[in-house]
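Here is the naming used below: chain letters follow the sequence lines, and residue numbers restart at 1 for every chain.
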There are 2 protein chains.
Amino acid sequence: MADLLSVAKLAGVSRATAARAFSNPDLVRPTTRERVFDAAKQLAFRPNKVAQQLRSQATQMIGVMVPSLDNPVFAEQLQAMEVAARACGYSLLVTTSEYSPSRESDIVEEMLRQRVDGLVLTVADAGSSAVLDKLRLETTPCLLVYNPPANSGFTSIGVDNHAAGTDATRHLLALGHSRIGMVAGPLLQSDRAKQRYSGYCHAMIEAGFTPRPLVEMERHTQADLNSLTPELTGEDALTAVICTNDLLAISLMGELQREGFSVPENLSVMGFDGIALGKHIYPALCTIEQPRADIGRTAVQTLLAKIRGEICTPAPLPHALRKGESVGMPTTRKFKLGTS
Amino acid sequence: MADLLSVAKLAGVSRATAARAFSNPDLVRPTTRERVFDAAKQLAFRPNKVAQQLRSQATQMIGVMVPSLDNPVFAEQLQAMEVAARACGYSLLVTTSEYSPSRESDIVEEMLRQRVDGLVLTVADAGSSAVLDKLRLETTPCLLVYNPPANSGFTSIGVDNHAAGTDATRHLLALGHSRIGMVAGPLLQSDRAKQRYSGYCHAMIEAGFTPRPLVEMERHTQADLNSLTPELTGEDALTAVICTNDLLAISLMGELQREGFSVPENLSVMGFDGIALGKHIYPALCTIEQPRADIGRTAVQTLLAKIRGEICTPAPLPHALRKGESVGMPTTRKFKLGTS
DNA sequence: TTGTACGCGTTATCAT
DNA sequence: ATGATAACGCGTACAA
């Protein structure tokens, strides 16, 4: 691949002049400049970013680590970040941690070696994270997304999960529900879920009810109806459940319907996150919507500000309740499990 | 950030020796080696990949461009690619084209400047693509994913979309359907959809039926029931439709149910792609499953082979029929539209 | 306005 | 076994 020197030679100027023609065009006489551009075109010259990066000590790359792209929440956030970053001339180096702390460390180390200008991470648990401990000692600007800001020492972009959990619960309470449960994936892997649960507890207590224990599923993205059935039978049977993420909610609804129950008649189901698909399925998923596009954009802009040396601590982004057919008024229609 | 020279000085050796201690440990006396390692640790030395890349003329990065990460098909493929690439010591530079040809060009240009070792692209239409025309003149190894291999001149990883379309149709035919339609997003933006449609036509003709015209929706991911209603009424009303992707199918099912119809009693609905969510919704989506993990892995491995200079033209990957509750036998139950 | 020369951090060649 | 040095491609301070 042609380099600046060959361009310069073909244009009959020095390397410096050729370089200037690109980086500082006004410093070079128009005719000379054109000669350089012509030569560049003839040789199909393409500036070498690696060299530029080494020279300028900046890569214009930001490293992104999310748990998994199989969850649309992260994929959609990444989509927004990519657009925002590109608009600012930055590229994204993307990795997935698969919720594994050791992978998290390897990935961040790798990205630091690549000299990314900044990092955007979503870690399993911001409260106790080896990778964050390491990053505290580094100077590379770093930002969390989705992780609750408290206790990590890092600025974090996302909604107020506690408040969101409260709002979700209040919505159900307002409809007349009181026997409300909450379902989560593996808790250790999600500090968000914990906060949302605490918000739920807050709302329940506030309304004079006793919060129920969190029901923990084995996977993030797939509900297991059996784990929930104890809560669905008897006098105290739930009339509504909140899932800590939309995938869980959608698969729970599927399981219920597959077993012959209907949503929301037998059980109201709420999700969390607001992935796009939730609007299209039937019944449409009632959920707490995170402003994913905003989150992505804000994350990029906040990080770039940090990179420029500015100090900024953005406020939590507003969540919104998205109503949906998966939630209704509580009914007395009894569950009859095991009829299949 | 500490560099090799400072490490060397602290260890009391030359830069060359320090470098060797890492790249070629056996060439340096064990005691010296340890001194170097100690110094490196003390200074928190972290090798600079940018410099390595400039020096070695290889970035160990592969550039990935997909239309949009909002579609789980691409997100899930990317997930698989990331794991495969990381396992081989490669990183992923990820971009989204948003189905825009001009963005496609900008992105590829940018990645070439970054000197990625190879490219993995999913373009709108491999048959006529400005970006592919440009890449034909370049030497950077390049691979398509999902795009049909024919007519592009590039090797492409994916299933045989024609055959898959045929298989989908045959499945419905075998159940007794004959009035089968096909629904797609914007056709110009998806050569895959065209191939799948031609496969459908093939199967219909083969069975002695007349293929229907493709119904084109305005968006890739959201069905518009109104566009379809003409096909759902009258003597010749459809009993089954195949959608060219799962998101379209899922939203179509939602729309139908929302209007009071049931799937598959009133209309059988098939999807295409096999995104994970399809299994969990109710009715579970019957679809043609693409081996996304395989596709991702194979793409990376094929590209790396190309980068190493090997020649390899992988065969199309096998698709699979995933049965689901969204498809049933044809019934005589009439559609009654507009009853709401 | 243009050219000379140095440095960014690394690796590889050639001496010693 | 180790050290000196050139080169990767670029940007820029300084000199002309």
Side-chain angles (χ1 to χ4, degrees), chain A residues 1-37 39-40 43-61 89 109-117 139-140, chain B residues 1-40 43-61 89 110-117 139-140:
Chain A
M1 176 127 322
D3 66 351
L4 217 38
L5 182 55
S6 38
V7 171
K9 281 200 276 193
L10 180 56
V13 298
S14 76
R15 200 176 26 211
T17 305
R20 270 190 291 260
F22 291 102
S23 65
N24 235 330
D26 353 288
L27 290 187
V28 58
R29 187 189 313 167
T31 66
T32 329
R33 195 196 307 156
E34 285 311 316
R35 283 218 315 283
V36 172
F37 288 161
L43 297 175
F45 169 70
R46 181 171 289 135
N48 186 326
K49 279 208 131 197
V50 176
Q52 292 178 330
Q53 289 162 351
L54 180 60
R55 172 62 225 233
S56 68
Q57 298 290 79
T59 52
Q60 310 265 87
M61 296 195 327
E109 175 63 26
E110 170 77 9
M111 289 180 153
L112 290 176
R113 293 182 176 197
Q114 181 61 62
R115 298 298 192 269
V116 294
D117 290 345
T139 60
T140 304
Chain B
M1 176 129 320
D3 65 351
L4 216 39
L5 184 55
S6 39
V7 171
K9 280 199 277 196
L10 179 57
V13 299
S14 76
R15 196 174 33 201
T17 305
R20 268 190 293 259
F22 290 102
S23 65
N24 235 332
D26 355 285
L27 290 187
V28 58
R29 189 190 312 164
T31 66
T32 330
R33 195 196 308 156
E34 285 311 315
R35 282 217 316 282
V36 172
F37 289 161
D38 281 357
L43 297 175
F45 169 69
R46 180 171 289 136
N48 187 324
K49 278 207 133 198
V50 177
Q52 293 177 331
Q53 288 162 353
L54 179 61
R55 173 61 221 223
S56 68
Q57 298 290 81
T59 52
Q60 310 264 85
M61 296 195 329
E110 170 78 9
M111 289 181 153
L112 290 176
R113 292 183 175 196
Q114 181 62 62
R115 299 297 192 270
V116 294
D117 290 345
T139 60
T140 305

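At whole-Å resolution of the value, CG in N48(B) and C1' in dT11(C) are 13 Å apart. Atom C1' of nucleotide dG9(D) and atom NZ of K9(A) are separated by 14 Å, given to the nearest angstrom. Counting to the nearest Å, the C1' atom of dC8(C) and the CG atom of L54(B) are 9 Å from each other. Between L5(A) atom CG and dC8(D) atom C1' the separation is 13 Å, expressed in whole Å. In this structure, the CZ atom of R113(A) is 14 Å from the C1' atom of dT10(C), given to the nearest Å. Residue M1(A) contributes atom CE, which lies 15 Å from atom C1' of dC10(D) at whole-angstrom precision. Taking atom CZ of R33(A) as the reference point, atom P of dT1(C) lies 10 Å away to the nearest angstrom. Protein atom CG of D3(B) is 14 Å distant from nucleotide atom C1' of dT11(C), rounded to whole Å.
Between T32(A) and the phosphate of dT2(C), there is a side-chain N or O to OP1/OP2 separation shorter than 4.0 Å. The side chain of Q57(A) contributes an N or O atom lying less than 4.0 Å from OP1 or OP2 of dG9(C).
In this structure, the side chains of E34(A) and T31(A) stay at 4.5 Å or more apart for every pair of heavy atoms.
In this structure, S23(B) has no side-chain hydrogen bond (donor to acceptor under 3.5 Å, both in side chains) partners at least two apart in sequence or on a different chain. Partners of D26(A) according to the side chain to side chain contact (heavy atoms under 4.5 Å, CB included) rule, which considers only residues two or more places apart in sequence or in another chain, are N24(A). Under the side-chain hydrogen bond (donor to acceptor under 3.5 Å, both in side chains) criterion, R46(B) pairs with E109(A), E138(A), not counting sequence neighbours. Residues passing the side chain to side chain contact (heavy atoms under 4.5 Å, CB included) test with R33(B) are A21(B), P25(B), V28(B), P30(B), F37(B), sequence neighbours excluded. Take T32(A) and apply the side-chain hydrogen bond (donor to acceptor under 3.5 Å, both in side chains) test, not counting sequence neighbours, and it matches no residue. Annotation: side-chain hydrogen bond (donor to acceptor under 3.5 Å, both in side chains) contacts of S56(A) (sequence neighbours excluded): none.
Each end of the helix from dT1(C)-dA16(D) to dT16(C)-dA1(D) yields a helix axis from five base pairs, and these two axes differ in direction by 50° (to the nearest 10 degrees).
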Listed pairs under 3.5 Å, donor-acceptor, residues 48-55 of chain B side chains, sequence neighbours left out:
{"from": "N48(B)", "atom 1": "OD1", "to": "V50(B)", "atom 2": "N", "distance (Å)": "2.8"}
{"from": "N48(B)", "atom 1": "OD1", "to": "A51(B)", "atom 2": "N", "distance (Å)": "3.2"}
{"from": "K49(B)", "atom 1": "NZ", "to": "E110(A)", "atom 2": "OE2", "distance (Å)": "2.9"}
{"from": "Q53(B)", "atom 1": "OE1", "to": "Q114(A)", "atom 2": "NE2", "distance (Å)": "3.4"}
{"from": "Q53(B)", "atom 1": "NE2", "to": "Q114(A)", "atom 2": "OE1", "distance (Å)": "2.8"}
{"from": "Q53(B)", "atom 1": "NE2", "to": "T59(B)", "atom 2": "O", "distance (Å)": "3.2"}

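Within the 3.5 Å criterion, the main-chain N or O of P47(A) finds no donor-acceptor partner in the side chain of R113(B).
Within the 4.0 angstrom heavy-atom criterion, no nucleotide atom of any strand lies near V50(A). Within the nucleic acid shown, L27(B) comes within 4.0 Å of at least one base atom, counting heavy atoms only.
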Quiz item: Just by protein heavy atoms under 4.0 Å, how would nucleotides 11-16 of chain D read 5' to 3' in B, S and -?
Solution: BBB---
